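As the structure is a prediction and not an experimental result, all values here were calculated from the model.
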Amino acid sequence: MKKKLGFMIALVLLLGGSALAFAWWDNLDETQSENIVLGEGVRISVSEDTEGEARLLVPAGSFYADFEDDYTTEYVFTYTVSMENPLEPGYKASLNISVDGWNVSSPALDVLQYTIEENGTTATDESLTITDAFSSEGETYTITVRISIAGEPGEGDEQAVYDALVGGLEFDVNFSVTDPVEE
């Protein structure tokens, strides 16, 4: 009897440890970082492609997100943005960031959401402008773009959403600096 009880306890601990390991793994995100160097009045567009990512994007709270180690609930792209040369003293310029150019179609596009973050400032589904971001002091910014699924796909759309995301998705992250103006 004691052997059976000991075996059952060992089995519960083993399975519980496995579930905990999967839960920990699911908290990991797919992450990519780049350095972007801008000039005055310049626009740079970085085309991102998740086709090569090791983990497929799935909705948070779904069966797959809870139990599979080859799925993720979020892609994270980080950019360090700076000016090629500081502006002349007495001048300033703003930095604009936007996300567009999605290659996925409805219904996958309908459930995708993204945020653009910089130093505590977050923009959701729109562009982010950092007013007077650059001056003669040559500031540097860390911009984070997070891509996730905004919830469960609609009834009957699940397969179409997963099929669209299996091949990866493409989108553009745009950085532009306004023409310098006098302070």
Inset, instruction - Check ring pair (Phe, Tyr, Trp, His ring centres under 6.0 Å) between Phe171 and all other residues, then give those that pass, not counting sequence neighbours. - result: Phe77, Trp102
Inset, instruction - Would you please name every residue forming a ring pair (Phe, Tyr, Trp, His ring centres under 6.0 Å) with Tyr162, sequence neighbours left out? - result: Tyr64
Inset, instruction - Classify the side-chain pair Glu117/Thr121 by whether it contains a donor and acceptor separated by less than 3.5 Å. - result: no
Inset, instruction - Answer yes if the side chains of Asn96 and Ser127 hold a donor-acceptor pair under 3.5 Å, and no otherwise. - result: no
Legend entry - Ion pair check, Glu183 and Lys92, cut-off under 4.0 Å: no
Inset, instruction - Go through the steps to decide whether Val99 and Val145 satisfy the test side chain to side chain contact (heavy atoms under 4.5 Å, CB included), and finish with yes or no. - result: CA-CA 9 Å; Val99 178; Val145 176; 4.1 Å; yes
Just verifying a value: how many Å separate [X] [atom1] and [Y] [atom2], rounded to the nearest 0.5 Å?
X: Ser98; Y: Arg43; atom1: OG; atom2: CZ; value: 5.5 Å
X: Thr73; Y: Ile147; atom1: OG1; atom2: CD1; value: 13.0 Å
X: Glu182; Y: Leu87; atom1: CD; atom2: CG; value: 12.0 Å

Legend entry - Asn103 and Leu169: CA distance, side-chain angles, deciding distance, side chain to side chain contact (heavy atoms under 4.5 Å, CB included) verdict: CA-CA 6 Å; Asn103 76 325; Leu169 54 106; 3.8 Å; yes
With a 4.5 Å limit on heavy-atom distance, are the side chains of [X] and [Y] in contact?
X: Ile36; Y: Val46; value: yes
X: Asn174; Y: Asp100; value: yes
X: Leu56; Y: Leu165; value: yes
X: Ile97; Y: Tyr141; value: no
X: Ile116; Y: Thr122; value: no

[X] to [Y] - nearest heavy-atom pair and separation:
X: Asp172; Y: Ser45; value: CB-OG, 3.6 Å
X: Ala108; Y: Val104; value: CB-CB, 4.3 Å
X: Leu128; Y: Ala123; value: CB-CB, 4.0 Å
X: Glu48; Y: Tyr79; value: OE2-OH, 2.7 Å
X: Val58; Y: Tyr71; value: CG1-CD2, 3.1 Å
X: Glu74; Y: Leu57; value: N-CD1, 3.6 Å

Legend entry - Single hit among Val81, Thr144, Ile130 for side chain to side chain contact (heavy atoms under 4.5 Å, CB included) with Glu118: Ile130
Inset, instruction - With side chain to side chain contact (heavy atoms under 4.5 Å, CB included) as the test, would you mind laying out the steps for Ile44 and Val42 before giving the verdict? - result: CA-CA 7 Å; Ile44 291 180; Val42 155; 3.9 Å; yes
Inset, instruction - Test Phe175 against Leu38 for side chain to side chain contact (heavy atoms under 4.5 Å, CB included), laying out the working first. - result: CA-CA 8 Å; Phe175 301 91; Leu38 298 169; 4.1 Å; yes
